[in-house]
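As structure tokens, the structure follows; a few thoughts come after it.
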Amino acid sequence: MFMREAEGVYQFGTKRIRVTCQREKIQIQVGGGYLSIDEFLDQYTPVELERLERKDPMRRITDRIALAKTIQGRSCESPLQASPTASPKRKKVAV
């Protein structure tokens, strides 16, 4: 998930961070302070994964399908018949 933008500057998901090596340890600047790499990953990985899931278009589609199936299972009518904006079916007329 780390994408290098410049020397010492990386993109971690949606967050831009500065990475330095001090006393043989990787330090990540967050706000006005520093976190070790382990602390940073523990704190920010779940947040960034959640953001990625929210942006996933396939998840949106499957959530909508699941919602539609749930709604359809509760009513006896099809969603089109229950819709207040559904237009009536037209009869075909031979010319």
Side-chain angles (χ1 to χ4, degrees):
M1 275 175 106
F2 287 96
M3 299 293 290
R4 185 176 180 185
E5 293 185 349
E7 186 175 339
V9 180
Y10 291 82
Q11 188 78 26
F12 181 77
T14 59
K15 193 165 195 58
R16 180 177 285 157
I17 58 171
R18 282 187 141 326
V19 179
T20 61
C21 191
Q22 297 174 352
R23 296 184 212 120
E24 298 181 14
K25 291 185 179 180
I26 297 173
Q27 297 289 313
I28 299 177
Q29 184 178 1
V30 181
Y34 287 88
L35 294 175
S36 71
I37 186 77
D38 294 330
E39 292 171 326
F40 176 82
L41 291 174
D42 289 343
Q43 186 173 349
Y44 288 98
T45 299
V47 174
E48 292 302 324
L49 287 175
E50 184 179 324
R51 288 180 181 167
L52 285 174
E53 285 179 11
R54 278 190 266 147
K55 289 183 179 181
D56 183 18
M58 285 305 294
R59 180 176 172 136
R60 288 183 185 173
I61 291 169
T62 55
D63 287 349
R64 286 182 185 170
I65 291 170
L67 180 61
K69 285 182 179 180
T70 303
I71 292 171
Q72 187 176 14
R74 289 183 183 170
S75 66
C76 296
E77 303 173 356
S78 74
L80 292 178
Q81 291 173 347
S83 172
T85 60
S87 61
K89 295 184 179 180
R90 297 181 185 176
K91 295 181 181 178
K92 292 184 180 179
V93 179
V95 183

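In this chain, residues are counted from 1 in sequence order. For clarity, every value in this text was computed on a predicted model and none was experimentally measured.
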Subject >> For E7 against R4, the heavy-atom pair lying closest together >> reply: CA-NH2, 3.4 Å

Subject >> Option passing side chain to side chain contact (heavy atoms under 4.5 Å, CB included) with V47 (candidates E50, Q43, R51) >> reply: R51

Give the table of side-chain donor-acceptor pairs shorter than 3.5 Å for residues 30-41, with sequence neighbours excluded, one pair per line with atom names and distance.
| residue | atom | partner | partner atom | Å |
| --- | --- | --- | --- | --- |
| S36 | OG | E39 | N | 3.2 |
| S36 | OG | E39 | OE1 | 3.4 |
| E39 | OE1 | S36 | N | 3.0 |

Original post:
For residues 47-68, which residue pairs qualify under ring pair (Phe, Tyr, Trp, His ring centres under 6.0 Å), counting only residues two or more places apart or in two chains?
Top reply: none

Original post:
Are F2 and I17 side-chain neighbours, meaning at least one heavy-atom pair lies under 4.5 Å?
Top reply: yes

Original post:
Any side-chain hydrogen bond (donor to acceptor under 3.5 Å, both in side chains) pairs touching residues 15-33, not counting sequence neighbours?
Top reply: E5-R16

